[in-house]
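Have a look at the structure below, then the notes.
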Amino acid sequence: MSLPLYYYLAITAIYILMSWSIYIPYRVGQLHFMTVANMAISSYFAALMAINFAWPFWLVLIVGTLLGALIGFLVSVAIGDAPCFAVVIVGFTFIYLTKTIIENVEAFGGPLGIFSIPKVLQTSSDNRTLLLIVAYALVLLTGFLISRFDHSRLGRAASAIFIDRDLAVSFGVDVKKLGMFLQTWASAVGGMSGVMYAFIMRSISPNHFTFHLIGVCMTMLFVGGYTTLWGALLAAPILWGFPLILPEALQSWNIVIYGVLLIVVLVIKPEGIITRPTVKKIESLLSRNRKKV
Amino acid sequence: MEILIAQIFNGLSIGSIYVLLVTGFNLLLLVAMIIHFSFPVVVVFSMYISWFVMTLTGSVALGVAGGIASAVVVNVITAPMFQHIMRERGSVDINATMVISMGMGMIITDILSHTFNQGFPIAFPDALTGNDQGALISVGLVSISRGQVLTLIVGIIFVAFLFWLLYKTRAGRAFRAIAEDPNGAKLVGIPLLKTGFQSYALTGILGGVTAVLMAVLLGSASAGLGDQLGHKVLAVSIIAGLGNLTGGLIIGLLLGILEAIIQGYLAGSWSNAIAFIVMLVVILAKPKGVFGSKL
Amino acid sequence: MAQNDPILKIDSLSVSYGHVKALSDISLEVGKGEIVVLVGANGAGKTSIMETVLGANVPVGGDIEFKGIHIGGVPVDKNVRNGMFLVPEGRGVFASMTVMDNLLLGAHHNLKNSDKKLQLVFDSFPVLGERKLQVAGTLSGGERQMLAIARALMSSPDMIMVDEPSIGLAPIIVNDIFEILVNLNKEGYSILLSEQNVYKALKIAHRGYVLETGRIIKSGTAEELLNDEAVREAYLGA
């Protein structure tokens with residue numbers, strides 16, 4: 001497999017996971033950008049453990065994910081049922097603080113970051129194949145869990161909270177508990193993505209985890225459609241891929257392109273390109289075809 | 001002690017910038033009913049336009065005019081986009097307006113970091129900042145620059161003007177009615193869209209003036225400044241209680257003073273981080289604000 | 001029906017909120033100088049009629065004429081300018097603003113003669129004059145209703161629509177409010193009133209319409225309705 005293709009596929013998986021990490025708490029109307037900070041923290045954790053203590057990849061992956069969940073949980077105790085804007089600002093602040101700490105502490109490599117994170121397998125090609133398999137296995141697993149959640153009683157409760165929080169409360173939905181659960185889950189996904197990112201890139205720097213990354217993931221989620229898990233899944237490969245085939249002069253403008261797309265889609269089709277009715281229509285088409293066969 | 005006095009004065013002038021930005025943000029929130037997260041990014045954009053006009057024409061006056069005009073133009077051009085969202089949804093979906101505003105911020109910040117001055121930070125001429133003339137007042141360690149005094153005075157005048165406008169004029173009365181109860185305001189015959197549009201124009205002027213003051217006070221700007229300010233302004237607004245104008249005034253000044261005092265005793269990027277930690281703690285403890293939200 | 005030219009004429013009006021039909025085939029008239037009352041249970045469509053006339057809802061079908069001009073789909077601010085005003089259910093007073101501000105909001109579209117109008121309003125409602133600098137949130141329920149009516153007068157309307165004025169008020173105060181409405185009517189204002197207190201409303205009205213789930217099921221002079229068996233049974237508890 002060629003190197004550009006490997007990076008395209010691997011980074012796409014990371015973007016799918018990160019867009020989903022924003023999708024998950026947005027089910028109850030919270031834009032939880034904290035997951036980008038979780039990604040940064042777990043990413044550095046993974047790099048340091050692998051380099052300094054020679055922790056094996058699997059252990060790092062599990063502990064890094066749990067680390068994300070733990071931080072997400074602790075924060076969610078305070079903001080599990082907070083208004084969307086408070087959640088947004090907490091996320092931004094965590095990202096900023098994480099970045100400041102990383103840049104100013106020598107052990108974290110400062111502004112330059114950390115290099116030469118070890119390979120999981122000896123040969124480069126084996127290593128890449130393994131990481132791709134793991135990354136997409138995690139995408140499958142997370143997608144499966146989200147799908148299970150969306151079709152469960154809790155998923156319907158989340159939709160109720162999204163539409164009318166007060167009404168949902170009056171029906172006896174525990175907004176705080178559900179918010180805490182979703183935030184913790186999202187932070188775990190953020191942490192998981194961070195570990196994968198560290199092993200895929202093999203070098204990380206504080207500049208990877210900024211407002212910029214939020215912008216990209218937010219565009220993927222809102223352009224694809226924030227009401228189902230399919231939106232981010234389909235938008236991530238396309239949005240991440242198409243600037244790569246643009247002429248070089250245009251490539252550096254990809255953030256402007258994302259911003260314009262984000263605004264245009266939200267103005268014209270506020271729920272994004274793939275909505276729940278779209279998914280239902282496709283599902284019914286598929287089931288009809290199956291019956292014919 | 002002298003350092004403390006100097007830093008408090010320093011903090012008041014930075015704080016008055018925060019107050020102006022938060023007030024503009026809150027006005028848009030109350031009257032136009034949008035979370036314009038990137039309002040400070042628009043202000044930084046105006047700083048760049050102001051710098052561009054100054055370097056092109058060599059005239060400070062034209063630069064100031066250009067800066068103010070550009071903020072008004074950006075606000076007025078983007079108003080129909082936000083208002084379209086409001087009309088589409090029937091009721092206001094504030095989350096969508098915030099995401100759109102962030103999209104706007106992405107575009108503006110990226111344009112600033114690509115085009116003007118090859119993406120390097122810009123520096124304003126001494127003719128504007130008055131840095132070449134030295135301090136205005138200097139007693140021992142306390143030294144106060146012309147820029148600081150100007151920012152503080154114009155800040156006070158402008159905030160006073162805004163409060164006069166809100167509480168003593170016909171437009172202000174309509175603004176407050178919409179802020180309290182948009183539906184009730186509609187039923188007594190206040191045109192929501194038209195009045196909302198006026199608030200975009202007003203905050204445009206406010207933003208332009210703030211841009212000029214920031215140019216005078218800071219003397220330089222970089223593309224990333226807007227995101228950082230947007231972040232702070234939203235934090236101040238949440239801590240004060242969303243849409244709470246008086247609260248924003250108090251918290252904005254307090255943040256300025258806090259930052260200045262930390263900077264007086266601590267060097268480097270840690271001082272900024274401490275201000276953020278303080279804000280984070282307050283938000284985690286009181287996610288709905290200290291003075292109560294007007295929404 | 002109406003003795004003279006109607007000021008408001010609604011012809012087979014229908015209104016929907018999304019897929020829910022709120023009003024169907026409503027036809028009614030308010031004559032110049034009349035008090036017309038809309039009678040019906042909660043959710044029968046009284047508020048919907050008023051808000052649609054005012055321009056807050058866009059009708060699906062039918063026609064509304066005000067002073068001989070078609071106004072279906074005309075926005076609220078234009079209708080207010082043309083001389084109608086709504087005193088909404090629950091008063092719709094701005095609690096954080098002063099009594100004075102609330103009154104001036106009524107004259108928002110025409111502040112030219114507001115001083116004169118304020119004087120007239122304060123003459124009729126001395127309580128409001130005494131409290132003009134207090135915020136409206138400090139007023140009692142009855143005073144708020146007075147403020148809401150006075151605010152309507154500030155707009156120099158020809159027709160005032162009053163939605164459920166008696167809700168949440170003590171019986172004595174309800175009598176005061178109804179007396180105010182009768183006096184306003186004598187001064188020449190046409191009034192479209194909606195009320196759950198059917199007996200009192202029919203006592204002061206000239207004519208009335210009975211609504212049930214978005215349709216008019218009965219209409220007539222106030223006297224006819226007061227003596228109607230079905231109306232008595234359903235709304236007067238007799």
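Heavy atoms only: backbone and side chains are in, while hydrogens, waters and symmetry mates are out. Proteins come first, then strands; the chains are lettered A, B, ... in the order of their sequence lines, and each starts at number 1.
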NZ on B:Lys186 to CG on C:Leu86, rounded to 0.5 Å: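 Between atom CG of C:Leu86 and atom NZ of B:Lys186 there are 12.0 Å.
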Measure the CG-NZ distance between C:Asp101 and B:Lys168 for me, rounded to the nearest 0.5 Å.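 Result: 8.0 Å between the selected atoms.
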Around atom [atom1] of [X], are there more than 12 heavy atoms from other residues, nucleotides or ligands closer than 6.0 Å?
X	atom1	result
C:Lys200	NZ	yes
C:Lys67	NZ	yes
B:Arg170	CZ	yes
C:Lys117	NZ	yes

Looking at every heavy atom in both [X] and [Y], which two are closest together, and how far apart are they?
X	Y	result
B:Ala177	C:Leu105	CB-CD1, 3.7 Å
C:Val93	B:Glu180	O-OE2, 4.2 Å
B:Ala174	C:His108	CB-CE1, 3.5 Å

For C:Phe94, is it the side chain, the backbone, both or neither that has a heavy atom under 4.5 Å from a heavy atom of chain B?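 Contact with chain B is through both the backbone and side chain of C:Phe94.
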If you tally heavy-atom pairs under 4.5 Å against chain B, which of C:Pro75, C:Gly106, C:Pro88, C:Ala95 wins?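 Sorted descending by pairs with chain B, the first entry is C:Ala95.
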Quick one: which of C:Val80, C:Leu104, C:Leu54, C:Leu111 has the most heavy-atom pairs under 4.5 Å with chain B, could you say?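 Top option by heavy-atom pairs under 4.5 Å: C:Leu104.
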What residues form a ring pair (Phe, Tyr, Trp, His ring centres under 6.0 Å) with B:Phe276, not counting sequence neighbours?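 Scan of B:Phe276 (ring pair (Phe, Tyr, Trp, His ring centres under 6.0 Å), adjacent residues dropped) gives A:Tyr96, B:His231.
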Can you find a pair of side-chain heavy atoms, one from C:Glu51 and one from B:Leu187, that are under 4.5 Å apart?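 The answer is yes; the side chains approach within 4.5 Å.
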